[in-house]
Amino acid sequence: MSRIAGGLIDRTRPVSFTFDGHAYQGFAGDTLASALIANDQRTVARSFKYHRPRGILSAGSEEPNALVTLGRGTGQEPNARATMVELREGLAARSQNAWPSVGFDLMEVNDLAAPFLTAGFYYKTFMGPYRIWERLFEPAIRRAAGLGVLSKEAADLRFEKAFAFCDLLVIGAGPTGLMAALTAAEAGADVILADEDFLPGGRLNSDRQEVGGQASSAWAGEVTARLEAMENVRILRRTAVTGVYDQGTYGALQRHAPGPTRPLETFWRIVARHAILAAGAVERPVAFANNDRPGVMLAGAVRTYVNRFAAAPGQTAVVFGASDSVHRTAADLRRAGVHVAALVDARDAPCDLDVPFYPGAQVERVLGREAEGVVIRRADGTEERVQADLVAMSGGWNPLVHLSCHMNARPVWRDDIAAFVPAPGAVPGMIPAGACNGEVTTAACLAAGRDAARQVVSDLGLSGASPDLPEAEDREARAEPLWVVPGKGRKWVDFQNDVTTKDVEQAARENFRSVEHMKRYTTQGMATDQGRTGGVTALAVLADATGRSIPGTGTTTYRPPYTPVHIGALGAGGQGKGFAPERFTAAHPVHLSMTAPMIEAGLWYRPSFYPREGEKTWRASCDREALMVRNSVGICDVTTLGKIDVQGPDAAEFLDFVYTGTMSTLKVGRVRYGLMLREDGQIMDDGTCARLGEAHYLVTTTTAAAGLVMKQMEFAAQVLRPDLDVRLMSVTEQWFQAAVAGPKSRDLLNDLLDAPLEPEDWPFMACGAVSVGGVPARLFRISFSGEHAYELAVPARYGESLFRQLVARAESMGGGAYGMEALNVLRIEKGLLTHAELDGRTTAYDLNLKGMMKRSKDFVGRAAAGREGLLDEDRPRLVGLKPTGAVKQLTAGAFLFDPEAEPTRPNAQGTISSVAFSPTLGHFIGLALLKEGPDRHGDTVRMVDHLRGISTLCEVCDPVFFDPEGGRVRG
Amino acid sequence: MADLTLIASTPATGTLPVTRGTMTLSQADPGPLTSIAPYKGQAGAVSDALQAATGLALPGVGTCATGKGAIQWFGRDLWLLSDMAAPDLPGAALTDQTDAWVTLDLTGPQGAEVMARRVPMDLRLAAFPEGATARTEMHGMMVSVTRTGPDALRIMAFRSMAKTLAHAMIEAMENVAAL
Amino acid sequence: MRLTCPHCGTRDLREFTYGGAALERPTGDWGPAWDAYVHLRENPAGASFEWWQHDVCATWLKVDRDTRTHVISQVTEARA
Amino acid sequence: MRFNALKILTEGLTGNKGWGPHWRDPDPKPAYDIVIIGGGGHGLATAFYLAQQHGLTNVAVLEKGYLGGGNMGRNTTIVRANYYLPGNSEFYSHSLKLWERMESDLNYNVMHSQRGLINLFHSDGQRDAAVRRGNAMINQGDDAILLGRDELRKMLPYLDHDTGRFPIHGGLYHPRGGTARHDAVAWGFARGASDRGIDLIQNCEVTGIDVEGGRVTGVQTSRGQIRARKVAIVTAGRSGQVAAMAGLRLPIESHILQAFVTEGLKPVIDNVVTFGMGHFYISQSDKGGLVFGGDLDFYPSYAQRGNLPTVEHVMEAGMTLMPMLSRAKVLRSWGGIMDMTPDGSPIIDKAPIDGLYLDCGWCYGGFKAVPGSGFALAHLLATDRPHDSATGFRLDRFTTGRGLMDEEGTGAQHNLH
């Protein structure tokens, strides 16, 4: 055990966990990483390409190495960063990407082949012969690549999403963020403070320093408590702001402490009038040989483990860097009882610690598979080997500029701190402050936080005294950039993706000199940490290799998310039925009670057919239902058709504009069939238009197009014809509507309605008010079956009851309910259209409806429909088909050819849009779009359905198969 | 002609009321609903006529008024009268909407937290006080939200989506209760 | 992205639908003016005048928006 | 330098010092026979085929940034030939054949992987539409197989076949569909063109197109004037701006399409799966990342970034289709700028100005079209006749209404395809 005294862990609450099956103990307040360190687990993972053993590099979300799998089986979480996993009782973590074990991984053989696996090697080999890539090379590469394993089982994991609004979003709860939040909150602003960690404070919890006369961690705790007590402050712990979007919208992912019914995570969309980016900075590694070995750790992380988690990452340490902060690291290690074998400062700087000190020297390489020592190159050029199991390194700090780049701004280079900082004005409304903006002392961060908040307070028009700045460390921490140590060996710049300085140099030699080319060629920065630690180092190597400065070489941009986000969180609510609302008609319980299989139609559910005892196939039910309508009476729930109420002094003129036909001449109490075009002249939808009053119409649409039609009509009313006084209102939901179709439909209604229908008042295409059971209803004598038929509408609350009554009466008359299948048969028999024919590519001309376009008036789509190409004679146009060959089946989706032609694209003459078996006619019938179709009635064509393996000859005929004179519908 | 009685059924929300934590969701009956869309230049006259007939004038955008019945702003040039039959209003397009909506009442102190899981609007009391109403979106549904009390919100959605609405609300209530 | 509906105030993008470039519809038979209206686009990289609908209150809007930055400088009712 | 395993071996043994540039970085010459504006996939492929097919090498490709830096590096790398309408059908069929010989053409492993593509359907109507499309593919000589519920369940057991919002009835399987390594395609074409003598000029922004007497004479660039007998605009995402330099207005609106990749995972999705009802498509890269995308953000944009509603919709679609995804983490997102046309199909044609050629309007299908487009444009540039595979991509089809190729049937609103 390497547990030491002190720290911010709760020693009264021990926590048991396992790693690779071994039982360990940590404490509440530990991360998995700190607990593993405290239990002397050095190798915790394997790298992506070479499968090199890896330890823990960092103490934050920038961790490239220590990725583990949590849990097992359904719901297991691959690629969890040990540094971000809050230790909890029973946590079971496993190493990944290693076999048989993380200590002995056979794939480590890749490391021996490293000279042949350099940047981009795979672009230069594995080519041909035919399909050998898919069959041999690719499967091997795929198995070797990847990290953790995703369970293929669907887990029932609860994630959620939420919206939040605030005056000020403070991103990061380090010294800058805490001070900013406090300043704004005390002025009365509505503040959200978000921090990735479960403990606010940032580096105040990691470094030994005083703020306001007390330990910095205590000050952080005190401020957090003050903020928590304020009603105008919300502190979101464990929350990473992941993305910046337009007009002050921020995405943020909150992990929750586990609980039985709790969501795992909340994905927040935060709308903030202002934001302060106080994200801090992460430390850079130094590129020296074998800098990836377990035991090599960032110096700041070493301090975090020692000071905050009371876990010593080693017994004997070498500390290496070119900044004052490495001296601080050495001091903290000593205080923690870790032997500091060498403090190596690449600068020629003084040292006031009693440790072996190497000014002007560098750590040249690490010895051992897990660090056992280092080779130090002294200022005089001589070498010295020093034993150590911990190498703390610091190559300087990268301000966390990521969020400032999400709206395309590129960060700007500051030579004085050798780092990129956010571009001014990078995100409207967001002020970068503190370490992420290049501040290096605690005092400067506190002041920057307060100043940024003051600016926001003033912009919000608030006032109030700002809190006093607490006293804090103000010593200028001097640092010099330190990128690459000269010497042989492989030096890692991207630990996870195994990219070394050699790869970057080779990329430059191969002319991948643009930083984007280098990244994509070497994969540097493309791993789960997105190059957060080593990215700027890689840039420095590329700059050196191409003889340019770092800012002259460029920077890469950062895109959301800042830290990886579960698809389950971003897609919360989508699983199962949640993806889109479900719509049910009022008669849904009746359909279910009649055991009708329900099918989706848009968002609605509609009955497919109503099976009766003895009916073994859907066809048996469908045939019976279709014949029922032809011979007696059928009832069909047609509620889902869109219904739009159009009223106003100019309603008639308006409808003349949106329909191809003329609705202004329609008499009150009558219905007309109508076509609506898109402005490009092709059909958008068809339906009926009923005139209920002089200035009152009811438009029906197809189920699928209801929303689209409403939108286009509003557009026409508000944008195209604002001169017309008309009001549109959807009444789809208000009315339950049922079709009553068949020769006995009038008898049925006469038995049902409060007053019988006088035949002379109810000719075909009449409409009007009726009463049923005392309930005011609407009746339309319209037909989608070719039969004498009506549609009866009642307020939705009565829908279920009405449908039951209708079906019961129909059944007593030898009829019954019919579903979508029979409806489809009936309409095909009559050559009536659905979206199988109105597929968005057909014109009125194509469907033999050219006469419905009243070109003497303006209407939407009129001009474009007149384009010559839309009136070409050889366009596929609507016909009927009957099978005449040996095979008596037709299939929708089949193509049509001349009987002797090869069934290839150049010979295609058309396609079949709809087919049905007509029980009335006793054979299959189809609707098709055939070149010059209307001129080819009586011709024979061949139908070929390659996919279903069906081919047959058919006769081209009129698309109206049944009762072409329409006697039944009018009778 | 037969002796026939049609039985009314309520929107199919599943079993309500439901309580999760501090919050309760119940189905409300707002009585008759009528949409009122004044024609061009008629809003003032329609408001006057409505006031004369019912005591309720057309309220401003985003607000509602209550008296014997209630009237709420409901969209562009559109209001919704509830809990009373509509009077004759010649300057406006009226439609009966009584059966077009499912109406749920969400009561309890965490209404804003629950709604924050569902709609992209700030519904905290300070931003959305009593008398405020809004049209907004909830997971693919177009809804209306009205604050009917400090601890009470009323949500309306299309009747056909009653089940989805209730499910979405209950799930949000569960999450708030658990966190 | 957030747009400010003249009725409802500033709302999330998910409540809105883009409806095409804000062009004036020609009259008469098909010709170059119609081709320009239906097909051709200035497609500016910068200030762009667009029709949008605020779906939840049904208002069609004219939006002046920068296509490079998504900054919205003005929203009015379509025919305000 | 020819690439092969032996070369890797010898270089590996000698310190990898012998690798040379994949392409040259020449300064622009004062004049060329042909100038291609745009060093993306299509421009580079055009250059390669001009040299390989037509022996034309007095050609320059002008790129304002770095090669392959636009949509070529921001897509979901899907390669397929599964179109329904004539015009598209023969073009993508030809393009797929070029993919199948690309690695030997280029001596570059672009990791073209024909792992199969499946389009799901959820109703009888959608099945019929899928069959119609599959029949069109077979009419064209390509491959298509109809999968029923049970076959699909065996092939893709991880889908939520029954309890998702749109239960799955089956799929249209296109075995030759697949993916490729997008960047490598650009680099391979660049290397092939450069090796054959074509000048690839990076950091060279075209600022003007010179037209004299109705004829193109050259271009103005950030690196000076370059004269040319023929100029091709191959700048998807910026087509409108570049065409405007010649006074043209195009039937194109630029829209954002976002795409996503997860952290690396061991193999879990073997094919390309397309979920039309949810506007969602997904595959897994050889590195292990799940690469997926959805629909446009639906507003015009040049910002190369989108907003959350689309992001969330894509993720929700993923969750209803394959709930196992909940534990995968999105690592990176990006946005490409799509040239959206009124019928969703592209344009390869002469412009109404002599010597000016257009290759644009690829909507979001540009990646798979790279070789086909380069081949067809090279043919048009070299012969002034459209290639047989691309006779349908005429600019005037919108004006006349003849030969529209609206695969989605959504009409002339650019963003709806």
Side-chain angles (χ1 to χ4, degrees), chain A residues 77 79 115-116 118 121 123-128 134 138 141-142 145-147 149-150 152 154 157 245-246 251 269 506 509-511 514 516-517 520 528 559-560 564-568 570-571 574-577 579-580 678 680 839-841 867-870 892-893 895 904-905 908 911 946-947, chain D residues 3-5 8 12 16 19 21-23 66 69 89 103-104 108-109 113-114 128 131-132 134-135 138-140 146 158 163 165 183-184 263-268 286-288 307-308 312 315-316 318-320 323-334 400-402 406 409-412:
Chain A
E77 179 176 3
N79 302 346
F116 315 109
T118 58
F121 76 95
Y123 301 127
K124 300 167 183 166
T125 183
F126 304 135
M127 286 172 272
E134 287 90 337
E138 187 179 46
I141 288 176
R142 283 168 80 85
L147 293 163
V149 175
L150 190 68
K152 288 197 182 190
L157 303 172
Y245 303 90
D246 290 309
R269 300 85 125 198
Q506 184 191 326
R509 271 201 302 282
E510 298 191 270
N511 206 9
S514 152
E516 284 292 342
H517 278 156
R520 288 159 183 266
T528 62
R559 301 185 178 284
V565 182
H566 279 124
I567 291 175
L570 276 164
Q575 192 168 346
K577 301 295 183 199
F579 178 57
R678 298 184 308 232
D680 68 356
D839 65 1
R841 286 182 291 264
R867 283 181 287 173
E868 62 198 60
L870 295 185
F895 275 68
T904 61
R905 177 184 52 77
T911 54
H946 299 287
L947 252 65
Chain D
F3 291 154
N4 53 43
I8 288 178
N16 286 301
W19 298 113
H22 286 211
W23 55 83
Y66 59 95
S89 194
E103 287 164 8
S104 67
Y108 211 90
N109 185 357
S113 169
Q114 295 186 292
D128 292 345
V131 166
R132 186 167 60 176
N135 280 324
I138 293 174
N139 287 343
Q140 177 58 38
L146 185 66
Y158 50 80
T163 63
R165 178 64 182 85
D183 292 323
E263 297 179 344
L265 296 162
K266 291 296 178 193
V268 57
D286 286 339
K287 277 189 67 191
N307 275 288
L308 278 174
E312 294 175 35
M315 305 294 162
E316 288 166 15
M319 287 304 297
T320 194
M324 69 170 177
L325 291 179
S326 72
R327 275 297 196 191
K329 295 193 208 88
V330 179
L331 176 62
R332 219 171 23 248
S333 64
W334 60 92
T400 63
R402 189 169 284 123
D406 184 353
T410 46

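Chain naming here is simple, since letters A, B, ... match the order of the sequence lines and numbering starts at 1 in each.
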Would you please name every residue forming a ring pair (Phe, Tyr, Trp, His ring centres under 6.0 Å) with A:F895, sequence neighbours left out? none

Hey, is the main chain of A:P560 close enough, under 3.5 Å, to the side chain of D:S333 for a donor-acceptor pair? yes

Name the region of A:R678, side chain, backbone, both or neither, that has any atom closer than 4.5 Å to a heavy atom of chain D. side chain

Which of the residues A:V565, A:L157, A:I141 is involved in the greatest number of heavy-atom pairs with chain D at under 4.5 angstrom? A:V565

Roughly how far, to the nearest 0.5 Å, is CE of D:M324 from CG of D:L265? 9.0 Å

Could you have a look at A:E516, A:R559, A:H517 and say which one has the most heavy-atom pairs with chain D under 4.5 angstrom? A:H517

What residue in D:A184, D:S113, D:G318 has the most heavy-atom pairs under 4.5 Å with chain A? D:S113

Identify which part of A:Q506 has an atom lying under 4.5 Å from any heavy atom of chain D, answering side chain, backbone, both or neither. side chain

So which part of D:T410 gets closer than 4.5 Å to some heavy atom of chain A, the side chain, the backbone, both or neither? backbone

Most heavy-atom pairs under 4.5 angstrom with chain A, which of D:A412, D:S104, D:G288? D:A412

Tell me, for D:T163 versus chain A, whether the close heavy atoms (under 4.5 Å) come from the side chain, the backbone, both or neither. backbone

Max heavy-atom pairs within cutoff under 4.5 Å with chain D, candidates A:G840, A:A145, A:P564, goes to A:P564

Return the option, out of D:R165, D:E316, D:R332, with the maximum number of heavy-atom pairs under 4.5 Å with chain A. D:R165

Distance (rounded to the nearest 0.5 Å) between D:N139 CG and A:R905 CZ: 9.0 Å

A:E134 versus chain D, the contacting section by heavy-atom distance below 4.5 Å: side chain

Side chain D:N135, main chain A:L947, donor-acceptor under 3.5 Å: yes

Heavy-atom contact with chain A under 4.5 Å, split by part of D:D183: side chain

Return the OH to CG distance between A:Y123 and D:N109, rounded to the nearest 0.5 Å. 9.0 Å

Among D:D406, D:L325, D:V131, D:V268, which residue forms the greatest number of heavy-atom pairs with chain A at distances under 4.5 Å? D:V131

What residues form a ring pair (Phe, Tyr, Trp, His ring centres under 6.0 Å) with D:Y158, not counting sequence neighbours? none

Decide ring-ring contact (aromatic ring centres under 6.0 Å, His included) for D:Y108 and D:H22; before the verdict, give the C-alpha distance in whole Å, the side-chain angles of both, and the deciding distance to 0.1 Å. CA-CA 10 Å; D:Y108 211 90; D:H22 286 211; 5.6 Å; yes

Examine distances only and state if a side-chain atom of D:T320 and a backbone atom of A:G576 form a donor-acceptor pair shorter than 3.5 Å. yes

For chain D, the option from A:G251, A:A892, A:S514 that forms the most heavy-atom pairs under 4.5 Å: A:A892

Do you know which of A:H566, A:R269, A:K152 has the most heavy-atom pairs under 4.5 Å to chain D? A:H566

For D:K329 and A:N79, indicate whether the former's side chain and the latter's backbone hold a donor-acceptor pair under 3.5 Å. yes

Partner chain A: residue of D:L146, D:D286, D:D128, D:N16 with the largest heavy-atom pair count (under 4.5 Å): D:D286

Considering only heavy atoms and a distance below 4.5 Å, find which of A:D680, A:T118, A:L147 pairs most often with chain D. A:L147

Looking only at atom types and distance, does a side-chain atom of D:N307 sit under 3.5 Å from a main-chain N or O of A:D246, one as donor and one as acceptor? yes

